[in-house]
Amino acid sequence: MQNRLLNERTMTQSAKPVLRFAPSPTGMLHIGGARTALFNWLYARHTGGTFLLRIEDTDKERSTPEAVAAILNGMRWMGLDWDGREVFQAARAGRHQEVAQALLAAGRAYRCYATAEELTAMREEQKKAGQQMRYDGRWRDRDPREAPDGAPFVVRLRADTEGETIVHDQVLGDVRFANAQMDDMVLLRSDGSPTYMLAVVVDDFDMGITHVIRGADHLNNAGRQLQIINAMGWPVPVYGHLPLINGPDGAKLSKRHGALAVEAYRDMGYLPETMRNYLLRLGWSHGDDEIIPTAQAIEWFNLESIGKSAARMDFKKLDNLNGHYIRITADETLVAEAVAFLERENPPRILSDKARARLLAAMPGVKERAKTLLELIQGAEFLYTDGVRVLDEAAAKLLGPEARALLAAALPALEATDWCGPALEAAARAHAEAGGLKLGQVAQPLRAALTGKASSPPLFEMMASLGREESLIRLRAYTA
Ligand code: GLU
């Protein structure tokens with residue numbers, strides 16, 4: 001059988017692993033899928049192999065172009081680049097049919113003319129008898145000429161009925177399926193359309209896939225798919241089925257507990273690098289290491305260290321990791337991320353050059369405190385918006401009549417400086433000392449008037465970033 005999708009690249013790299021991520025475009029890219037994609041991508045990048053993307057759009061009713069776009073965007077945002085063009089499974093139906101025909105010709109598949117009513121009756125009887133409900137092979141050895149002329153049929157695999165099908169799983173070990181328990185699965189439906197089982201096997205073969213890494217919810221499918229692979233005499237890929245991701249309470253991951261699209265994580269202010277690190281640790285470990293930047297992950301990643309038990313979502317860990325990556329990200333990059341974030345708002349918020357410059361100048365202080373980009377953006381709003389601040393409750397308390405008088409008295413000393421952080425701080429300190437006050441007694445009303453809040457990144461740095469003119473507008477509003 002010709003290996004049709006093997007392009008020059010995979011041929012010249014035939015000794016290297018070829019991996020794939022094969023999402024069904026029936027919804028967004030969720031974190032479970034993103035982790036599967038990440039593990040495949042990491043293994044491909046680690047080995048110098050190839051990472052392919054196949055969109056499994058055979059379920060016409062549930063697949064949408066919006067979901068395809070969401071998956072591609074999610075992958076791009078996560079930084080998981082795939083090699084070559086994405087493959088669309090539905091477009092390959094002809095090829096899937098061709099393989100079913102080859103199996104028919106080789107006697108490894110047969111036509112089954114059982115009607116829907118017949119099969120329902122069969123199942124009813126099995127149910128009554130307390131037996132497992134499965135196709136009983138009634139057309140397996142029957143002469144197709146016995147079928148009424150022009151009667152519709154499905155094509156079924158003539159599966160082995162004895163012995164075992166063993167999935168040698170890299171993660172879970174050997175998983176055995178008794179062949180007697182598996183019935184003759186449908187390969188082509190009565191309208192000629194290929195089933196999902198057949199499509200996956202044919203596409204994996206044609207794409208030269210050497211490793212199938214996917215969620216453990218596909219483990220049973222592996223047993224089925226192996227039967228088709230064996231019937232075709234094709235090479236068996238290495239399988240690795242990833243344990244599920246559970247919620248923080250150990251129960252199935254719910255929406256409330258993080259079963260969200262990667263875009264939701266983006267909108268909550270997590271960085272792609274954080275997501276890669278965090279999802280890597282959901283099911284893979286390297287000693288006690290928690291902080292594993294992507295470059296390091298590519299160097300270390302292996303299949304042996306994938307965990308066997310379900311991983312647990314832990315938002316606190318995610319936040320801490322994100323805080324770490326925010327702190328080590330270059331100021332310019334964070335400004336660009338913040339700008340992009342605000343532009344995604346509805347309506348989009350566009351920052352002026354002046355606002356960007358202020359944010360950039362203040363970023364070293366701002367990024368120290370933020371656990372998410374959202375927190376960073378909210379905490380820095382006083383930098384990229386102009387004008388007198390509306391005080392929150394805590395800030396209002398700090399700006400009572402006495403504090404306003406203090407502020408008014410301190411202003412001339414501040415105005416006399418060259419408006420850089422250290423000079424502003426020195427002036428405020430000298431002014432406080434001269435009046436027998438603590439620095440905080442001057443600094444707190446200053447902070448409240450400048451930011452509208454009772455806490456902020458380091459005050460005098462922020463004042464410097466804000467600039468003389470804008471700072472004085474805000475301070476003067478609260479000295480009257
Ligand atoms: N299309 C399947 C899914 O989205 C994955 C199939 C596979 O990886 O073999 O769950």
Side-chain angles (χ1 to χ4, degrees), residues 5 17-44 49-75 78 80 82 86-93 96 99 165 167-172 175 177 185 187 193-229 232 234-245 252-253 259-262 279 283 303 306:
L5 285 190
V18 182
L19 292 104
R20 47 61 158 197
F21 176 50
S24 304
T26 53
M28 317 283 266
L29 176 62
H30 282 73
I31 58 157
R35 183 190 60 165
T36 299
L38 172 72
F39 282 25
N40 280 285
W41 179 83
L42 280 173
Y43 195 63
T50 307
F51 174 60
L52 303 174
L53 178 61
R54 180 171 77 231
I55 304 291
E56 303 208 315
D57 54 349
T58 44
D59 184 341
K60 281 272 165 278
E61 314 251 285
R62 294 173 61 224
S63 302
T64 64
E66 291 76 27
V68 173
I71 290 168
L72 301 189
N73 284 340
M75 299 269 296
M78 286 278 298
L80 305 178
W82 56 96
E86 48 281 11
V87 170
F88 286 87
Q89 189 161 63
R92 298 182 25 81
H96 305 145
V99 171
T165 299
V167 178
H168 300 292
D169 196 274
Q170 283 288 304
V171 178
L172 304 172
V175 183
F177 298 91
M185 78 188 103
L187 302 175
S193 64
T195 57
Y196 164 74
M197 286 304 169
L198 176 66
V200 168
V201 169
V202 175
D203 290 351
D204 280 347
F205 173 73
D206 283 2
M207 291 163 79
I209 301 301
T210 59
H211 292 67
V212 171
I213 313 293
R214 61 188 174 189
D217 47 333
H218 288 284
L219 183 60
N220 286 335
N221 290 345
R224 294 285 201 169
Q225 290 163 5
L226 254 183
Q227 291 183 315
I228 305 177
I229 293 171
M232 287 302 292
W234 285 344
V236 177
V238 174
Y239 286 106
H241 287 90
L242 308 175
L244 299 180
I245 303 175
K252 190 172 181 291
L253 194 61
L260 302 168
V262 294
L279 291 178
L303 301 181
I306 298 175

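Each ligand, and each atom within it, is numbered from 1 in the order the structure gives.
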Student: Kindly say whether Phe21 contributes a backbone atom to a donor-acceptor pair with the side chain of Asn40 at under 3.5 angstrom?
Tutor: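 Pair absent, no side-chain N/O of Asn40 close to backbone of Phe21.
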Student: With heavy-atom distances below 4.0 Å as the criterion, list the atoms of ligand 1 near Arg20.
Tutor: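 By the 4.0 Å cutoff, the relevant atoms are 7 (C), 8 (O), 9 (O).
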Student: Counting heavy atoms only, which of Gly27, Gly215, Pro25, Ala22 is nearest atom 2 (C) of ligand 1?
Tutor: Ala22
Student: If you have a sec, work out which protein heavy atom is nearest atom 6 (C) of ligand 1 and how many Å separate them, to one decimal?
Tutor: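 Going atom by atom, the protein heavy atom closest to atom 6 (C) of ligand 1 ends up being Tyr196 OH, 2.9 Å.
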Student: Do any pairs count as a side-chain hydrogen bond (donor to acceptor under 3.5 Å, both in side chains) and have a residue in residues 212-222, sequence neighbours left out, and if so which ones?
Tutor: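 Counting only pairs at least two positions apart or across chains, the side-chain hydrogen bond (donor to acceptor under 3.5 Å, both in side chains) contacts touching residues 212-222 are Arg214-Gln225, Arg214-His241, His218-Asn221.
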Student: Below a 4.0 angstrom heavy-atom separation, can you tell me which part of Ser24, side chain or backbone, both or neither, approaches ligand 1?
Tutor: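 For Ser24, the contact with ligand 1 is made by both the backbone and the side chain.
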Student: Quick check for you: to the nearest 0.5 Å, what is the distance between Met75 atom CE and Leu38 atom CG?
Tutor: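 Here the rounded value is 10.0 Å.
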Student: Side-chain donor-acceptor pair under 3.5 Å between Asp203 and His96, yes or no?
Tutor: yes
Student: Checking a contact table here: which protein heavy atom is nearest atom 1 (N) of ligand 1, and how many Å away?
Tutor: Glu56 OE1, 2.5 Å
Student: Check whether any N or O atom of Arg54, backbone or side chain, sits under 3.5 Å from an N or O atom of ligand 1, and answer yes or no.
Tutor: no
Student: Please find the pair of heavy atoms, one from Ala261 and one from His30, that lie closest to each other, and give the distance.
Tutor: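 Answer, listing the atom of Ala261 first, then His30: N-CD2, 3.9 Å.
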Student: Heavy-atom contacts with Arg214 under 4.0 Å: which atoms of ligand 1 show up? List them by number with element.
Tutor: 7 (C), 8 (O), 9 (O)
Student: Starting from atom 10 (O) of ligand 1, which protein heavy atom do you reach first, and at what distance in Å?
Tutor: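 Closest protein heavy atom to atom 10 (O) of ligand 1: His218 NE2, 2.9 Å.
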Student: I want to check something: taking the side chain as every heavy atom from C-beta on, are Ile55 and Pro23 in contact at a cut-off of under 4.5 Å?
Tutor: yes
